[in-house]
Amino acid sequence: MQFPAACGILKPVTSLLAEATGGIAVEKVRVRFAPSPTGKLHIGGARTALFNWLFARHTGGTFVLRIEDTDLERSTQASVEQIIASLKWLGLDWDEGPEIGGEYGPYFQSQRLHLYEDKAQELIEKGLAYLCYCTPEELEAKREEARRAGRPPRYDGHCRNLSEEECAKLAAEGRQPVIRFKVPETGETVVEDLIRGRVVFQNSLLDDFVLIKSNGMPTYNFACVVDDHAMGLTHIIRAEEHLSNTPRQVLLYQALGYEVPKFAHVPMILAPDRSKLSKRHGATSVEEFREQGYLKEAIINYLALLGWSPEGTEEILPLERIVKEFSLERISKNAAIYDVKKMTWINGHYLRELPLERIVTEALPFLKNAGLIGEEPTEEELRLAKESIALTRDRAKTLVELADGVSYFFKDDFTYDEKGVQKHFAPEGTAERLRKARERLVSVEPFDAATIETAYRTLADELGVKAAELIHPTRLAVSGRTIGPGLFELMALLGQEKCLTRLDRAIRFIEAGLPAAGQAEDAPQA
RNA sequence: GACCCUAUGGUCAAGUGGUUAAGACAUCGCCCUUUCAAGGCGGUAACGGGGGUUCGAAUCCCCCUAGGGUCACCA
């Protein structure tokens, strides 16, 4: 009578049991990421991979990588390599799959064709599937007709009951048949989804879909079911776009006498305009974000937060904590819009919090790319890179920004920021003040931040000006910029010689006459 | 069009019948300060609409609306 109450009591007992047994599940979790190699690893695909990986690592299960290369036209070897490279870069390692194998291999569907063939044959023998000789053209014509008549464009079962003679005749015409699944005409198919709950589909709304194409390749729905079962997968965690396919797959599991795995359809990731994420929305692949200077930590952290949330309010979570806290129960149901700004903020966080050595390693390729250091950096370049990154990384949000932010430490031929020139070089007496500063700098010993600062502040006092009036023009003179690290640290790293040279250059620049640009000063120094 | 999913600030989100409806990003202001960041403090900003159920609904039910997904010999 009081079932709900009984369940309420039972639940804790079972979870206590699981705890008591050290979390050893009755059935070991096996999940997979199954991309089709038709492009780079998409941010949405990356998150699906991440959730599967997290679930496997959280439960101590197995994470399988399977390549769904049954689309001969669109699949490429280059894509396989790119996807694998991106997964590796993100640190999403697999326990079974390409490159490492496993007892359920091969892990490329194109190498498992005999399996699908066998299973399709089995279904035909059981009377649950049949050969269909309709050509794509004929089917398209029928769909068109149905559309015009306002009927749903479903396959009409034309070849469902062909006799052997009819088959032979059609085959003699040179027609290559496909194999179709006989979908029950009545009843309903239930998908029990861990995230969506119970979703019911009417079988009458499904048509006899194709299992094996005329070229002998299996279709997605068929290969997926055959493999997910053959590979012993327990949970199918995939994007919501597959939810509508799932009743077909459930029907196949039943027809083949397979146990149906648990499904979890995670919400989609959408572009800012709420449409499906695509190239026109800028960077969408892991590789592109990497090129733009995002760290894997930031991408993983951000992706984990898209559609899943931890119990507390902390959002900056190291991987180990995400693994520890991850659960399917806390995955949300609604689609999420991809917000690069937040990921950029997270990236900035990791840029300043991760060990310096790590950031230097990550930044080096970007410095090379910007032409700041050579392919084989010298000791001196490496030292300067490390020191300048230490000073600059707090203010950068990406590695690209970071490389730009340290550029003047490596290059002398920078130009002066235009607004900065108007603001800090134009005022009367600037050249003279810089000349005084230069003179003072010559005798600064040692040339470290504290000593330089003392010299500057003393000089400012002697000249009766605010330190800022010395500091700003100097910053512009030695870095070409109005923003950057603390000036005295910056100068110390730059070294005495370069500082003097750059001050000389700035003095010459000012005395050569500033380019006219409206009023040089609208706020006379009070 | 049919079917399916979803609906809390601009965005990500917490919330599971009783809360002043968290937090984060973004944004605005102030503080700190040689600049820019970072950091600190504070502000603006939300339960799509309509019906129910209930003493009481962001939370449960129905309808509408909106967005998304699927309807291929793509996956």
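These numbers come from a predicted model, not from an experiment. The figures that follow rest on heavy atoms only: side chains count, while hydrogens, waters and symmetry mates do not. Numbered from 1 within each chain, the chains take letters A, B, ... in sequence-line order.
- Here Ala467(A) lies out of heavy-atom contact (under 4.0 Å) with every strand.
- Comparing G23(B), C73(B), C4(B) against the side chain of Thr313(A) picks out G23(B) as the nearest.
- Taking atom C1' on both nucleotides, G40(B) is separated from C64(B) by 48 Å, rounded to a whole Å.
- Searching all strands for a Watson-Crick or G-U wobble partner of U11(B) with both distances below 3.5 Å returns A24(B).
- The base of C73(B) sits within donor-acceptor range of the side chain of Ser214(A), with an N or O pair under 3.5 Å.
- Checking U34(B), A75(B), C4(B) against the side-chain heavy atoms of Glu68(A) singles out A75(B) as nearest.
- Residue contacts for Val178(A): at a heavy-atom cut-off of 4.0 Å it reaches a base atom on one of the strands shown.
- Contact check, Asn334(A) against U8(B): a side-chain N or O comes under 4.0 Å of OP1 or OP2.
- For G15(B), the OP1/OP2 oxygens have no side-chain nitrogen or oxygen of Lys333(A) closer than 4.0 Å.
- Using a 4.0 Å heavy-atom distance criterion, Thr219(A) is classed as a sugar-phosphate-only contact.
- Side-chain contact check for Tyr408(A) and Ser388(A): no donor-acceptor pair (N or O, by modelled atom type) lies under 3.5 Å.
- Side-chain N/O atoms of Lys341(A) include none lying less than 4.0 angstrom from OP1 or OP2 on U27(B).
- Considering only side-chain atoms of Leu487(A), the nucleotide from C73(B), U35(B), U34(B) that sits closest is U34(B).
- Checked against the 6.0 Å centroid criterion, the rings of His242(A) and Tyr220(A) qualify as a close aromatic pair.
- For the residue pair Thr246(A)/Arg238(A), the side-chain donor-acceptor check at 3.5 Å is satisfied.
- Atom CD of Glu192(A) and atom P of C5(B) are 13 Å apart (whole Å).
- No hydrogens or angles were tested; on distance alone, a donor-acceptor pair under 3.5 Å links the side chain of Arg74(A) to the base of C74(B).
- Contact check, Arg180(A) against C73(B): a side-chain N or O comes under 4.0 Å of OP1 or OP2.
- For the pair Leu211(A) CG and A75(B) P, the computed distance is 12 Å after rounding to whole Å.
- Looking at the side chain of Pro153(A), the nearest of the listed nucleotides C36(B), G1(B), G39(B) is G1(B).
- Base pairing analysis places C3(B) opposite G69(B); the two distances defining the Watson-Crick or G-U wobble pair are each below 3.5 Å.
- Looking at heavy-atom distances under 4.0 Å, Lys466(A) makes no contact with the nucleic acid at all.
- Map Ala468(A) and Ser332(A) each onto its nearest nucleotide of RNA chain B; the residue landing nearer the 5' end is Ser332(A).
- Residue-level contact check: Arg393(A) touches neither bases nor backbone, having no heavy atom under 4.0 Å from any strand.
- Proximity of the aromatic rings of Trp308(A) and Phe51(A) is defined here by a centroid distance below 6.0 angstrom, and this criterion is not met.
- A donor N or O paired with an acceptor N or O is found under 3.5 Å between the base of A24(B) and the side-chain atoms of Lys342(A).
- Nucleic acid contact class of Arg274(A) (heavy atoms, under 4.0 Å, all strands): sugar-phosphate only.
- Comparing A24(B), U11(B), C73(B) by their nearest atom to the side chain of Asp339(A) picks out U11(B).
- Protein atom CG of Asn301(A) is 15 Å distant from nucleotide atom P of A24(B), rounded to whole Å.
- Counting any heavy atom pair closer than 4.0 Å across all strands shown, Thr70(A) reaches sugar-phosphate atoms only and no base atom.
- Contact annotation: Arg196(A) does not reach the phosphate of G68(B) (side-chain N/O to OP1 or OP2, under 4.0 Å).
- Residue Arg238(A) is classed as having no contact, given no heavy-atom separation below 4.0 Å to the nucleic acid.
- If you measure from atom CD of Glu489(A) to atom P of A37(B), you get 18 Å, rounded to the nearest angstrom.
- A46(B) and A21(B): their P atoms are spaced 12 Å apart (whole Å).
- Among the atoms of the strands shown, none is found under 4.0 Å from any heavy atom of Arg481(A).
- The phosphate of G69(B) has neither OP1 nor OP2 within less than 4.0 Å of any side-chain N or O from Ser244(A).
- Judged by distance alone with a 3.5 Å cut-off, a donor-acceptor contact links the side chain of Asn245(A) to the base of A75(B).
- Counting any heavy atom pair closer than 4.0 Å across all strands shown, Pro272(A) reaches no nucleic acid atom.
- In this structure, Glu140(A) places its CD atom where more than 12 heavy-atom neighbours from other residues, nucleotides or ligands lie under 6.0 Å away.
- Nearest nucleotide to the Phe201(A) side chain, out of U35(B), C4(B), U70(B): C4(B).
- Of the N and O atoms on the side chains of Asp461(A) and Thr458(A), not one donor lies less than 3.5 Å from an acceptor on the other residue.
- Atom CD in Glu329(A) sits about 16 Å away from atom C1' in A14(B), given to the nearest Å.
- Rounded to a whole angstrom, the distance from the C1' atom of U65(B) to that of U27(B) is 30 Å.
- If you check A38(B), C4(B), U70(B) against the side chain of Leu243(A), the one that comes closest is C4(B).
- Note: CZ (Arg154(A)) to P (U70(B)) measures 19 Å, nearest angstrom.
- Aromatic rings of Tyr338(A) and Phe289(A) (six-membered ring for Trp) have centroids within the 6.0 Å cut-off, being under it.
- Taking atom C1' on both U19(B) and C71(B), the two are 44 Å apart, rounded to the nearest angstrom.
- Atom name P, nucleotides G43(B) and C55(B): the rounded distance is 38 Å, in whole Å.
- Between the P atom of A13(B) and the CD1 atom of Ile331(A) lies a distance of 11 Å, rounded to the nearest Å.
- Using atom C1' as the reference point in both A75(B) and A38(B), the two lie 45 Å apart (nearest Å).
- Gly486(A) comes within contact range of at least one nucleobase, with a heavy-atom separation under 4.0 Å.
- Taking atom P in both U16(B) and U53(B), the straight-line distance is 25 Å, to the nearest Å.
- Comparing C12(B), A24(B), G69(B) against the side chain of Met268(A) picks out G69(B) as the nearest.
- In terms of position on RNA chain B, the residue among Lys276(A) and Ile337(A) whose nearest nucleotide sits closer to the 5' end is Ile337(A).
- Among the nucleotides A13(B), C73(B), C3(B), the one closest to any side-chain atom of Leu205(A) is C3(B).
- Taking the six-membered ring where tryptophan is involved, the planes of Phe209(A) and Phe181(A) are tilted, since the angle between them lies from 30° to 60°.
- In this structure, His265(A) reaches neither bases nor backbone, as no heavy-atom distance under 4.0 Å exists between it and the strands shown.
- Side-chain contact between Tyr302(A) and Leu306(A): present, with at least one pair of heavy atoms (C-beta onward) separated by less than 4.5 Å.
- Ring geometry, His349(A) versus Trp345(A): the interplanar angle falls from 30° to 60°, so the pair is classed tilted.
- C61(B) and G9(B): their C1' atoms are spaced 27 Å apart (whole Å).
- Side-chain proximity of Arg395(A) to the nucleotides G69(B), A37(B), U11(B) is greatest for A37(B).
- Within 3.5 Å, no donor on the side chain of Glu241(A) pairs with an acceptor on the base of G68(B), nor the reverse.
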